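Worth saying up front: this structure is predicted, and the values here are computed from it rather than measured. These numbers come from the heavy atoms of this one structure, side chains and all, not from hydrogens, waters or symmetry mates.
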Amino acid sequence: QVQVVESGGGLVQAGASLRLSCEASGRTFSKYAMGWFRQAPGKDGQLVAAVSWSGGIIEYADPVKGRFTISRENDKNTVYLQMNSLKPEDTDVYYCAAVSTRNDNYVGVRPYEYDYWGQGTQVTVSS
């Protein structure tokens with residue numbers, strides 16, 4: 001079983017930056033595609049960003065393109081989400097997810113494509 005733990009959320013003002021971290025543990029980290037999703041109460045999860053095991057394939061949701069950057073350090077079993085120029089509409093609970101894959105360049109963009117999920121971290125951006 002894989003455990004996924006996020007950290008780095010918080011309360012910031014509009015225009016500020018945050019970096020979310022996500023560490024996977026419990027099994028060998030290799031060959032996992034990783035993603036960040038956001039979800040408000042009563043709504044479906046939405047992709048924020050996702051990255052392949054190789055790091056060479058990355059997907060971003062349109063609202064965060066140019067502001068957020070996803071990256072990974074496989075030797076540390078960690079994925080990061082650098083969030084710059086934050087806006088009040090970025091406020092949400094952010095979840096990290098992982099899925100095992102044999103394809104180094106596979107990246108999932110839908111919540112159902114992921115097997116393991118963290119507990120979520122709150123990001124609040126005040127105006």
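Without hydrogens or angle criteria, Arg72 side chain to Ser54 main chain gives no donor-acceptor distance under 3.5 Å.
The disulfide (SG to SG under 2.5 Å) pairs that include a residue from residues 74-113 are Cys22-Cys96, where partners are two or more places apart or lie in different chains. Pairs passing the disulfide (SG to SG under 2.5 Å) check and including a residue from residues 31-64, sequence neighbours excluded, do not occur.
Not counting sequence neighbours, the partners of Ala40 by the side-chain contact (heavy atoms from CB on, under 4.5 Å) test are Lys43, Asp92. Not counting sequence neighbours, the partners of Pro63 by the side-chain contact (heavy atoms from CB on, under 4.5 Å) test are Ala61. For Arg67, the side-chain hydrogen bond (donor to acceptor under 3.5 Å, both in side chains) partners are Asp90, not counting sequence neighbours. Applying the side-chain contact (heavy atoms from CB on, under 4.5 Å) test to Ser17 and every residue at least two apart in sequence or in another chain returns Gln82, Asn84. Residues meeting the salt bridge (charged side-chain N to carboxylate O under 4.0 Å, His left out) test with Asp62, sequence neighbours left out: Lys65. Every residue was checked against the side-chain hydrogen bond (donor to acceptor under 3.5 Å, both in side chains) condition with Gln39, not counting sequence neighbours, and none meets it. Applying the side-chain hydrogen bond (donor to acceptor under 3.5 Å, both in side chains) rule to Gln46 yields no partners; only residues at least two apart in sequence or on another chain are considered. A search for side-chain hydrogen bond (donor to acceptor under 3.5 Å, both in side chains) contacts involving Asn103 returns nothing, not counting sequence neighbours. With sequence neighbours left out, Val12 forms a side-chain contact (heavy atoms from CB on, under 4.5 Å) with Ala16, Leu18, Leu86, Val125.
The aromatic rings of Trp117 and Phe37 lie tilted to each other, with the angle between the two planes from 30° to 60°.
Side-chain atoms of Gln122 and Thr124 form a donor-acceptor pair, as typed in the model, at a separation below 3.5 Å.
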Contacts table for residues 108-115: side-chain donor-acceptor under 3.5 angstrom, sequence neighbours left out:
{"from": "Glu113", "atom 1": "OE1", "to": "Val109", "atom 2": "N", "distance (Å)": "2.8"}
{"from": "Glu113", "atom 1": "OE1", "to": "Arg110", "atom 2": "N", "distance (Å)": "2.6"}
{"from": "Glu113", "atom 1": "OE2", "to": "Tyr106", "atom 2": "OH", "distance (Å)": "3.2"}
{"from": "Tyr114", "atom 1": "OH", "to": "Gly108", "atom 2": "N", "distance (Å)": "3.4"}
{"from": "Tyr114", "atom 1": "OH", "to": "Gly108", "atom 2": "O", "distance (Å)": "2.7"}

